[in-house]
Amino acid sequence: MGKRKKQAKVLRIFRKVHRTTGALLFIFFFFISVSGLILGWKKNSNGYILPKTQEGTTAILKDWLPIDSLHTIALNTINNEVPGTSFEVDRIDIRKEKGSVKFLFVDSFYEIQLDGATGNVLSFGIRRSDFLENVHDGSLLDDYLGTNGYIKLIYTSVMGISLLIFTITGFWLWYGPKRMRKTGKS
């Protein structure tokens with residue numbers, strides 16, 4: 001088989017792999033691209049996707065209330081804002097330089113921001129970015145199916161490998177014909 005025929009065969013194989021992978025994973029690539037695009041704008045959404053970090057009265061930690069007091073205020077606030085629901089704190093995000101503390105909750109996308117020194121509620125908001133991150137990385141499927149991280153691991157592995165395949169085959173689909181033309185001229 002001649003060099004040009006080998007190149008054409010490789011090009012056909014790459015085209016088929018590229019097309020098949022794209023067809024099989026289209027819906028996943030669609031969700032990843034849309035969620036990634038929106039997540040890129042989260043801090044520039046005027047607080048719609050991710051609530052803006054508010055400023056408290058002081059960044060001096062010794063002037064702050066104890067964390068357990070702030071925790072109690074956050075729990076009381078969330079229970080008043082969304083009555084009849086039990087909330088467990090997922091994480092506490094201390095923004096020392098801003099003088100504020102964010103309380104984020106398990107099984108919800110709510111956030112309470114408190115002034116670290118006074119305990120005043122600075123913000124109550126929905127973290128839509130957390131939902132989008134769960135869509136983006138496959139955690140939404142994992143949580144829904146209760147697979148303890150395995151779906152997310154498989155999902156991110158398949159999508160990462162697929163992106164690598166797309167990059168390689170896409171490059172070859174661009175470069176291969178150029179190489180064939182060059183080979184045909186010599």
Side-chain angles (χ1 to χ4, degrees), residues 1-53 82 85 87-95 97-98 102-111 113 123 125-186:
M1 187 184 301
K3 190 173 185 178
R4 192 165 165 80
K5 282 191 176 190
K6 279 184 183 177
Q7 289 174 345
K9 185 176 181 180
V10 168
L11 197 57
R12 280 191 298 276
I13 290 169
F14 274 57
R15 189 175 290 119
K16 186 173 184 173
V17 168
H18 195 84
R19 182 178 52 241
T20 304
T21 304
L24 291 173
L25 299 174
F26 167 78
I27 194 74
F28 296 109
F29 280 114
F30 178 79
F31 283 115
I32 286 175
S33 63
V34 171
S35 62
L37 179 66
I38 296 169
L39 284 169
W41 283 87
K42 70 183 178 185
K43 291 193 176 182
N44 300 92
S45 68
N46 291 324
Y48 183 75
I49 299 171
L50 180 69
K52 289 184 179 184
T53 301
V82 188
T85 308
F87 287 97
E88 179 185 341
V89 173
D90 180 40
R91 65 186 184 270
I92 301 170
D93 183 1
I94 296 174
R95 298 295 176 105
E97 71 285 352
K98 294 261 188 176
K102 296 180 184 182
F103 287 84
L104 296 90
F105 299 91
V106 176
D107 299 327
S108 77
F109 300 110
Y110 291 112
E111 164 188 290
Q113 291 185 44
S123 170
I126 298 174
R127 295 175 58 91
R128 292 171 181 88
S129 61
D130 289 358
F131 173 77
L132 289 166
E133 286 171 9
N134 288 346
V135 168
H136 189 74
D137 71 4
S139 296
L140 193 69
L141 283 174
D142 201 54
D143 292 344
Y144 180 73
L145 297 173
T147 55
N148 206 24
Y150 292 111
I151 293 288
K152 178 181 174 180
L153 181 62
I154 292 167
Y155 177 80
T156 55
S157 297
V158 166
M159 298 313 291
I161 291 167
S162 298
L163 186 56
L164 181 62
I165 289 170
F166 270 150
T167 302
I168 293 167
T169 58
F171 172 78
W172 193 256
L173 290 173
W174 169 79
Y175 179 69
K178 292 179 184 322
R179 187 168 177 228
M180 282 179 67
R181 280 192 294 276
K182 204 181 265 187
T183 305
K185 289 179 182 176
S186 43

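- With sequence neighbours excluded, the residues satisfying side-chain contact (heavy atoms from CB on, under 4.5 Å) with Ile165 are Val17, Thr21, Ile161, Thr169.
- Each of Lys98, Gln113, Lys102, Glu97 was scored for a side-chain hydrogen bond (donor to acceptor under 3.5 Å, both in side chains) with Thr53, with one residue passing: Lys102.
- The two residues Leu50 and Ser45 have their closest heavy-atom pair at N-OG, 3.9 Å.
- Shown here are the ring-ring contact (aromatic ring centres under 6.0 Å, His included) partners of Phe31, two or more places apart in sequence or in another chain: there are none.
- Every residue two or more places apart in sequence or in another chain that forms a side chain to side chain donor-acceptor pair (under 3.5 Å) with Arg95 is listed here: Asp93.
- Under the ring-ring contact (aromatic ring centres under 6.0 Å, His included) criterion, Phe103 pairs with no residue at all, not counting sequence neighbours.
- For residues 36-48, the salt bridge (Lys or Arg N to Asp or Glu O under 4.0 Å) pairs, not counting sequence neighbours, are Lys42-Glu133.
- Residue pairs meeting the salt bridge (Lys or Arg N to Asp or Glu O under 4.0 Å) criterion with at least one partner in residues 154-163, sequence neighbours excluded, do not occur; the list is empty.
- Note: Ile126 CD1 to Ile49 CD1 = 13.0 Å, rounded to the nearest 0.5 Å.
- When all heavy atoms of Phe109 and Phe131 are compared, the pair lying nearest together is CE2-N, 3.5 Å.
- When all heavy atoms of Phe105 and Phe87 are compared, the pair lying nearest together is CD2-CB, 3.7 Å.
- Shown here for Ser162 and Leu25, the closest heavy-atom pair between the two residues is OG-CD1, 2.8 Å.
- A ring pair (Phe, Tyr, Trp, His ring centres under 6.0 Å) check over residues 144-171, counting only residues at least two apart or in different chains, returns the pairs His18-Phe166, Phe28-Tyr155, Phe29-Phe166, Phe171-Trp174, Phe171-Tyr175.
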Carefully, step by step, assess Val106 and Val89 under the rule side chain to side chain contact (heavy atoms under 4.5 Å, CB included). CA-CA 6 Å; Val106 176; Val89 173; over 6 Å; no
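- Among residues at least two apart or in separate chains, salt bridge (Lys or Arg N to Asp or Glu O under 4.0 Å) pairs with a member in residues 142-163 are Asp137-Lys152.
- Listed by chain and residue number, nothing satisfies the salt bridge (Lys or Arg N to Asp or Glu O under 4.0 Å) test with Arg12 (two or more places apart in sequence, or in another chain).
- For the side chain to side chain donor-acceptor pair (under 3.5 Å) test, residues two or more places apart in sequence or in another chain that qualify with Ser35 are His136.
- Screening residues 17-35 for salt bridge (Lys or Arg N to Asp or Glu O under 4.0 Å), with sequence neighbours left out, gives no hits.
- Residues meeting the salt bridge (Lys or Arg N to Asp or Glu O under 4.0 Å) test with Arg128, sequence neighbours left out: none.
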Dump the intermediate steps for side chain to side chain contact (heavy atoms under 4.5 Å, CB included) on Leu163 and Ile32, then the final yes or no. CA-CA 11 Å; Leu163 186 56; Ile32 286 175; over 6 Å; no
